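Here the structure is a predicted model, which means the values were calculated and not measured. When a ligand or atom number is given, it counts from 1 through the structure's own listing order.
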Amino acid sequence: MIIIMEQGATKEQVEAVIKRVKEVGLEVHLSEGKDQTVIGLVGDTEKMIDVPFRGFDGVADTVKVTSTYKLTSRQFHPVDTVVDVDGLKIGGEEAFVTMAGPCSIEGLDQIMECARIAKAGGATVLRGGAFKPRTSPYAFQGLEEEGLKYIREAADKFDMKVITEVMDEANLELVAKYTDILQIGARNMQNFKLLQAVGKTGMPVALKRGISGTIDEWLNAAEYIAASGNQKVIFVERGIRTYETATRNTLDLSAVPVIQKLSHFPIIVDPSHGVGVWDYVTPMAVAGVASGASGMIVEIHPEPNKAWSDGQQSLNEKRYLNMMEQIHVMEKAMKEVKLIREKI
Ligand code: PEP
Ligand code: MN
């Protein structure tokens, strides 16, 4: 259940409601917007049935939240959450954020070169996998800690943040030591123990959509992180499996407005895994900006033909810089688009 306070409700009125909620053994999730305060009730809200909150001074309305995800839902928290990655802001009205880098970290020179290219195009976050979820157990599995050291060094040199995947609880502490954002891969979207564990770190978490994950399952996955005390969730739409085989996955850009309607957490797109072929990446990245996403994560490589993984979908320097030029034009256009949209 949520309790919606009247515009201009006083601090005392809000506190009186919170006090009563706690008396009946429930927790409070407070969302204070510019115009409105919403008090979310966390716990077994069946207990609340007889408490006449509607009659409390300053209360405008009470609404039953029917979804199983609560902390993640926009009903509970009407204001956009802006995830703060050590000063870099993702979500809400903040600028579009680009995360770029190779699929896999292959060595210090390679990740340094990727960082240089990524930065030159305007990316502020360096991506790269050190623990790789590969379809075949015989494929390259990642440089592990050595790779983590390299990506940290490269990001620090170019004043960038790091995003890298954590595949299991056993390596969480190690990965957390080197990264700024923990990436949960598509194959782990419903690894609930891992979600709870990353939730407990309190670090920003980029939660990729499962290969066949529905929006509802994805929102519930985010709830595992939020319910573990972590409000720094970033959704990543990376394409889903459909009957279509012309592309590696089907990038579901409609997930962007849907997630934005249902949740307050930001959503970014991954055009690389979304399509799986380099020459489709740029149009879908530009479309990602137009969809209203808060950012993107894209794969680049100095020599895609020699990449140890996902070379076929990686952009070389020239193509990446060209894409970023297009992205910047679309970002500017989106500012005007938003102004028009706000008129309704
Ligand atoms: C990746 O980002 O390299 C990756 C493996 O992504 P996903 O989990 O979306 O397949
Ligand atoms: Mn990849």
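- For ligand 1 and R127, the ligand atoms under 4.0 Å from any heavy atom of the residue are 1 (C), 2 (O), 3 (O).
- Considering only non-hydrogen protein atoms, atom 5 (C) of ligand 1 sits nearest to P133 CG, 3.8 Å.
- Residues D310 and H301 bring no donor and acceptor atom of their side chains to less than 3.5 Å of each other.
- Looking at R209 and D270, no side-chain N of the basic residue comes within less than 4.0 Å of a carboxylate O on the acidic one, giving no salt bridge.
- Under a cut-off of 6.0 angstrom, the local environment of CZ in R241 is sparse, with at most 12 non-hydrogen atoms contributed by other residues, nucleotides or ligands.
- For the pairing with T72, the side-chain contact (heavy atoms from CB on, under 4.5 Å) check across E223, H77, Q231 returns one residue only, E223.
- For atom 8 (O) of ligand 1, the nearest non-hydrogen atom of the protein is A186 N, 2.8 Å.
- Y224 and Q190 share no side-chain donor-acceptor pair at under 3.5 Å.
- Atoms of ligand 1 found under 4.0 Å from any heavy atom of K132, numbered from 1 in the order shown, are 1 (C), 3 (O).
- Of the protein's non-hydrogen atoms, K208 NZ, 3.0 Å is the one closest to atom 6 (O) of ligand 1.
- Between the side chains of Q313 and R248, a donor-acceptor pair is found at a separation under 3.5 Å.
- Ligand-side atoms of ligand 1 in range of R238: 7 (P), 9 (O), 10 (O), range being under 4.0 angstrom from any heavy atom.
- D57 is linked by a salt bridge (Lys or Arg N to Asp or Glu O under 4.0 Å) to nothing, counting only residues two or more places apart in sequence or in another chain.
- Looking at N230 and S228, their side chains never bring a donor and an acceptor atom within 3.5 Å of each other.
- Residue D270 places no N or O, backbone or side chain, under 3.5 Å from any N or O of ligand 1.
- Residues satisfying the salt bridge (Lys or Arg N to Asp or Glu O under 4.0 Å) criterion with R116, sequence neighbours excluded, are E113, E317.
- By the 6.0 Å contact criterion, CD on E325 is open, its count of non-hydrogen atoms from other residues, nucleotides or ligands being 12 or less.
- Atoms of ligand 1 lying under 4.0 Å from at least one heavy atom of Q183, given by number and element, are 1 (C), 2 (O).
- For the pair S73 (side chain) and F76 (backbone), a donor-acceptor distance under 3.5 Å is present.
- In terms of N/O distances under 3.5 Å, ligand 1 is not approached by G185.
- Distances below 4.0 Å separate heavy atoms of R187 from the following atoms of ligand 1: 7 (P), 8 (O), 10 (O).
- Within the structure, the closest approach of G129 to ligand 1 does not fall below 4.0 Å when heavy atoms are considered.
- In terms of protein heavy atoms, atom 4 (C) of ligand 1 is closest to H273 NE2, 3.4 Å.
- Contact between D180 and V162 at its shortest, heavy atoms only, is OD2-N, 2.7 Å.
- For ligand 1, the atoms sitting less than 4.0 Å from at least one non-hydrogen atom of E299 are 3 (O), numbered in the order shown with element in parentheses.
- The atoms of ligand 1 that sit less than 4.0 Å from any heavy atom of C103 are 3 (O).
- Around the Mn ion (ligand 2), the protein N, O or S atoms closer than 2.8 Å are C103 SG, H273 NE2, E299 OE2, D310 OD2, listed by chain and residue number.
- Scanning for ring-ring contact (aromatic ring centres under 6.0 Å, His included) contacts around W278 gives an empty result, with sequence neighbours left out.
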